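Here's the structure we're looking at; comments come further down.
None of the values given here were measured: they were computed from a predicted structure.
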There are 2 protein chains.
Amino acid sequence: MKAKKIGALLLRVAGMKKKQHKRSPCPVACTLDLIGDKWTLLIIRDMFLGRCYYGDFSKSPEKIATNILADRLEKLVMSGLAEKWQPNDEPNREAYRLTSKGRTLKPVLESIATWGLNHIEGTEARLKPK
Amino acid sequence: MKAKKIGALLLRVAGMKKKQHKRSPCPVACTLDLIGDKWTLLIIRDMFLGRCYYGDFSKSPEKIATNILADRLEKLVMSGLAEKWQPNDEPNREAYRLTSKGRTLKPVLESIATWGLNHIEGTEARLKPK
DNA sequence: ACACGCACTTGCATTTTGCAAGCAACACTA
DNA sequence: TAGTGTTGCTTGCAAAATGCAAGTGCGTGT
């Protein structure tokens, strides 16, 4: 994974596109290659809720394992959906946030949240756009 | 897996709810527990496109492995998103289709398809509602 | 009687996940 | 300044999911 990360980093430094092995030209399949798992969209949800620290994400009620969290954050940054930044109030802490590209996933997240609310009993709305 | 299937079947016969271990009450997390992987939504996409046979699904360009396909179809039926039926023109063939609950996933699928078309180059629309 | 297509199932190697523990860097505290 | 705590990870390992190829059972056509 280390070598993979460095490899991807070199690609970015060189301004090259990451050669993503597409399963097909289908937009659904390609989007799922980026966010199609049980954890990525939950991190994105947390970012929409204003969370930005590693510790915040790992404290979410779904209890993501820390190694998975680190892996997904790295992939989100690699794919340009999130980025690292330094908050003004705590400039020395690592922080993450959605990029503008990442924020365009809002309709996706909202449609999923709406579906869950309407079709799975026992769910409660939490994604209130702040 | 066999015992699991029979167990789930007994629950349905008894009219009981499948006790789904919720990671949290979040509608996003709960929806992802149903459709949050790389394959399930592709099968649902195919069903929206009118495909209904096992062979049709396995011939999709993403080349899902047959054991995964069987597993996902079973889970889709278990969760009430799809069902088996017998088509009029070929009554002796196994066929699957979305239930009304499954069809309510259309906004989710459409938002994902739209996002992919707008943000991933090389993708082409295929999900034309027929 | 025999081949054929369809809908899976099985076995096995590889990959991903989940869990617990560990660890380096920094801040704070005594 | 030595110790303590917090943060953001990394590591090791077992368990589960995935991917691939081959095989199986069953009805159909010839």
DNA chain C nearest-nucleotide lookup for B:Asn67 and B:Lys59: closer to the 5′ end is B:Lys59
Using OP1 and OP2 only, check whether a side-chain N or O of A:Arg72 sits under 4.0 Å from C:dT17.
yes
Can you check whether B:Trp39 has a side-chain N or O nearer than 4.0 Å to OP1 or OP2 of D:dT18?
no
Between [N] ([atom2]) and [X] ([atom1]): distance, integer Å:
X: A:Asp56; N: D:dT6; atom1: CG; atom2: P; answer: 15 Å
X: A:Glu62; N: C:dG18; atom1: CD; atom2: P; answer: 12 Å
X: A:Ile68; N: D:dT11; atom1: CD1; atom2: P; answer: 15 Å
X: B:Leu69; N: D:dA17; atom1: CG; atom2: P; answer: 17 Å
X: B:Tyr96; N: C:dA7; atom1: OH; atom2: P; answer: 9 Å
X: B:Leu42; N: D:dG19; atom1: CG; atom2: P; answer: 11 Å
X: A:Ile64; N: C:dA20; atom1: CD1; atom2: C1'; answer: 16 Å
X: B:Tyr53; N: C:dA7; atom1: OH; atom2: P; answer: 8 Å

Above 12 or not: heavy atoms from other molecules or residues under 6.0 Å from CD of B:Glu90?
yes
If you check every side-chain atom of B:Ala65, which of C:dT9, D:dC20, D:dT10 has the closest atom?
D:dC20
Hydrogens and angles aside, do A:Thr99 and A:Glu83 bring a side-chain donor and acceptor to less than 3.5 Å of each other?
no
Can you list every pair that meets ring pair (Phe, Tyr, Trp, His ring centres under 6.0 Å) and has a residue in residues 50-79 of chain B, with sequence neighbours left out?
none
Can you pull the ring pair (Phe, Tyr, Trp, His ring centres under 6.0 Å) pairs that have at least one residue in residues 90-119 of chain B, sequence neighbours excluded?
B:Trp115-B:His119
For residues B:Leu117 and B:Phe48: do they belong to one hydrophobic cluster (side chain heavy atoms under 4.5 Å, members Ile, Leu, Val, Met, Phe, Trp, Tyr)?
no
Mind running a 4.0 Å heavy-atom check of residues 84-95 of chain B against DNA chain C and sending the residues that fall below it, in number order?
B:Lys84, B:Arg93, B:Glu94
B:Arg45 to B:Trp39, cation-pi by 6.0 Å centre distance and 45° axis angle:
no
Check for a donor-acceptor pair, side chain of B:Ser24 on one end and backbone N or O of B:Cys26 on the other, with a separation under 3.5 Å.
yes
